[in-house]
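Just below is one structure, and these are the notes that go with it.
Residue numbers run from 1 in the order of the sequence given. Please read these numbers as outputs of a predicted model, since none were measured by experiment.
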Amino acid sequence: MKWWTGEYKLDDGGRPTTTKLYKSASKNLDGMPFADENEAFTFGLDRESDVRNRRGQRSAAPISMSDYCDLWFEGVSLRSNSMTAYESRLSAVIRPYWAQSKLDEITPIQYDAFRKYVQAKYSHNYANAILGIFKMLMDDAVVKYKYREESPIVEQKRRGLYKKKQVRRAKRQLSIRSVHQAAQNAYYVWGFAGWTYIWTIAFTGLRPPGEMFGLQRGYASPYWPACEPDAELREEALQRYESLHALRVQHQTYRADGQAVLAAPKYDSWRTIVIPPFLHAMHQALLASHDQPWVFLSMQGKPLLRTDFDNTYWFPIRDGAEERVSRPGYERWARPELPAVAEMAGEDIYRLRHWAKAKLDEPGDIPRVAVEERMGHELPGVEGTYSEVTLAMEERIVGHLQEVWEKGVVGAGLWTPNFPMPLPDGPANPAPPLFSGLPVLEYE
């Protein structure tokens, strides 16, 4: 930094010239004036590098991890069920573990201890969820809130004892006979709705519980696409699916702030799923037997969202149950002994969605884009950009799945239940509602 003193440089005779005299305050970090212009220029480049890389800048005031968790959570914008999951994991694990720590004092060694603690105490998936949230906390502390200069999570090449990374849960072989046994158990636990529920997941890959609970009459194959609210989509689908049966995955349902709501499917994966004739016939019979807007109802004829689904439905279906005899006034209570489905021991119902994917992969001639779109996934990169699902691909899917049913269930002589009696027609039974009327949760 230089400035003019108001004086001029003198010549050899002591007379002022036209050259101005400047003073300078430019010094290096040791307080010494620069020896020359090159030294000053190099010093300036170093300071610019410090600014770009945020070295030497004053961080925000220290904050406790507990307060930071509250601050961070207030700034997160996710769907209601995701917010609930994040809040639960923060409260149950992260906040208690770091209760006595300052955010800026957490070291890589302390993080490694936390990681080992979480991985040892919790399941693989839950531990990954906890560590994923913690990484977001630390990344935002550096980039967004400027509470730290760098994250304590150090990613480096593997060292020490090799341990294979667990990328997926080990799966038992699941035969169609085991899926049939689950569906038969579901029939005795839950009636024809249970039988259809199991086969629907297994042959469509719909995500339980949200997409299955949220399937409404107007989006089921006996009514869709004729009842599609969007005129443009309705016209396109009527032409495309003139000779095929299809359902529409438009919503999932869950509770937000104590209220039942509809929301977009996971990853905004709205999609149309063609279904084989046998499954369409099941849906047609099931919807004819009740007058509610939901496709699948509870044992009491209520929305499934109100149920304790795992304990009341899934665990007896999967693990089997003892015989229950009839009692006066509780005839529906009776059911035979239910055998456990050995190949599904310990599995959640989502395993049927995996089975649905495997069945589509089996023949080898169904394009990957058609399989992934049916599952609600997007293909990455150029393949996803330029690929599209054609009607011929969907016809191949329907033909293959119908063949799986006819060979694996009908051809094998496996038990199937009678279809339920339809509701009587007449003025006393007006047309059932196609949609639930629940509020739709919108996101920016």
Side-chain angles (χ1 to χ4, degrees), residues 79-81 186 190-238 241 244-256 259-275 279-307 309 313 349 352-353 356 374-376 420 422-423 429-443:
R79 289 180 176 167
S80 176
N81 54 347
W190 185 7
F192 192 77
W195 168 263
T196 308
Y197 190 92
I198 297 298
W199 289 119
T200 299
I201 301 175
F203 278 85
T204 66
L206 263 66
R207 297 182 179 99
E211 292 177 356
M212 289 294 293
F213 287 11
L215 183 59
Q216 300 172 84
R217 181 183 292 268
Y219 292 114
S221 63
Y223 293 86
W224 196 88
C227 294
E228 168 58 46
D230 184 279
E232 184 177 350
L233 176 59
R234 179 174 64 249
E235 182 179 357
E236 177 186 346
L238 283 170
Y241 300 111
L244 292 175
H245 303 297
L247 60 82
R248 180 72 181 172
V249 181
Q250 189 67 25
H251 297 115
Q252 61 173 317
T253 184
Y254 53 75
R255 291 195 174 276
Q259 179 186 13
V261 298
L262 296 171
K266 189 177 183 180
Y267 307 132
D268 291 342
S269 55
W270 299 281
R271 60 199 186 277
T272 297
I273 295 181
V274 290
I275 63 174
L279 190 59
H280 169 75
M282 287 185 192
H283 287 181
Q284 201 168 35
L286 179 62
L287 288 170
S289 70
H290 69 75
D291 60 359
Q292 298 301 303
W294 305 107
V295 174
F296 299 104
L297 301 176
S298 71
M299 299 176 190
Q300 291 75 31
K302 304 294 183 181
L304 284 169
L305 197 59
R306 303 178 183 179
T307 66
F309 186 83
Y313 296 83
I349 199 168
L352 294 172
R353 175 172 154 86
R374 186 178 178 86
M375 300 303 294
L423 293 177
N429 295 287
L434 300 176
F435 305 104
S436 65
L438 289 182
V440 179
L441 211 57
E442 301 288 351
Y443 294 91

### Task
Look only at the side chain of Trp195 and the backbone of Met282, and say whether a donor-acceptor pair between them is shorter than 3.5 Å.
no
### Task
Mind checking the CD1-OG spacing from Ile273 to Ser221? Nearest 0.5 Å is all I need.
11.5 Å
### Query
Does the side chain of Leu297 come within less than 4.5 Å of Lys302's, by heavy atoms?
no
#### Entry: Any side-chain heavy-atom pair of Thr307 and Gln300 under 4.5 Å
no
#### Entry: Any residue meeting side-chain hydrogen bond (donor to acceptor under 3.5 Å, both in side chains) with Gln252, in chain and number order, not counting sequence neighbours
none
### Leu438 versus Ala260, closest heavy-atom pair with distance
CD2-O, 3.8 Å
## Note on the structure
Here the gap from Arg374 atom CZ to Thr272 atom OG1, rounded to the nearest 0.5 Å, amounts to 11.0 Å
### Task
Using atom types as modelled and distance alone, determine if a side-chain donor or acceptor of Arg353 lies under 3.5 Å from a backbone N or O of Met375.
yes
### Query
Any sub-3.5 Å donor-acceptor pair from Ser289's side-chain atoms to Pro420's backbone N or O?
no
### Query
Using the ring of each side chain (for Trp, its six-membered ring), is Trp224 parallel, tilted or perpendicular to Tyr241, with breaks at 30° and 60°?
tilted
### Query
CG/Leu279 to CH2/Trp199 distance, rounded to the nearest 0.5 angstrom?
10.0 Å
### Summary
With sequence neighbours left out, the residues meeting side-chain hydrogen bond (donor to acceptor under 3.5 Å, both in side chains) with Gln284 are none
### Task
Working to the nearest 0.5 Å, report the span between CZ of Arg234 and CG of Leu238.
7.5 Å
## Note on the structure
Here the gap from Thr253 atom OG1 to Leu304 atom CG, rounded to the nearest 0.5 Å, amounts to 10.0 Å
#### Entry: CZ on Arg217 to CG on Leu434, rounded to 0.5 Å
7.5 Å
### Query
Taking the six-membered ring for Trp, is the centroid-to-centroid distance between Trp270 and Tyr219 below 6.0 Å?
no
### Message
Minimum heavy-atom separation for Leu247 and Ala220, please, with both atom names.
### Response
CB-CA, 4.2 Å
## Note on the structure
For residues 279-300, the ring-ring contact (aromatic ring centres under 6.0 Å, His included) pairs (sequence neighbours left out) are Tyr197-Phe296, His245-His280
### Task
Identify the heavy atoms of Cys227 and Phe435 that sit nearest to each other, and give their distance.
O-CZ, 3.7 Å
### Query
How far apart are the C-alpha atoms of Ile201 and Leu206, what are their side-chain angles, what is the distance that settles it, and do they pass the side-chain contact (heavy atoms from CB on, under 4.5 Å) test?
CA-CA 5 Å; Ile201 301 175; Leu206 263 66; 5.5 Å; no
### Query
Side chains of Val440 and Val261: closer than 4.5 Å at any heavy-atom pair?
no
### Query
Given Phe213 and Tyr254, is the ring pair (Phe, Tyr, Trp, His ring centres under 6.0 Å) satisfied, shown in steps?
CA-CA 8 Å; Phe213 287 11; Tyr254 53 75; over 10 Å; no
### Task
Check the pair Glu236 / Glu228 against side-chain contact (heavy atoms from CB on, under 4.5 Å), numbers first and verdict last.
CA-CA 11 Å; Glu236 177 186 346; Glu228 168 58 46; over 6 Å; no
### Message
Using modelled atom types and a 3.5 Å cut-off, is there a donor and acceptor pairing between side-chain atoms of Tyr313 and backbone atoms of Met299?
### Response
yes
### Query
Would you find a donor on one side and an acceptor on the other, under 3.5 Å apart, between the side chain of Ser269 and the backbone of Pro265?
no
### Task
Give a yes or no answer on whether the side chain of Arg207 reaches the backbone of Gly376 with a donor-acceptor pair at less than 3.5 Å.
yes
### Task
Check whether any side-chain heavy atom of Val295 sits under 4.5 Å from a side-chain heavy atom of Leu287, and report yes or no.
yes
### Query
Got a donor-acceptor contact below 3.5 angstrom from the Gln216 side chain to the Ser436 backbone?
yes
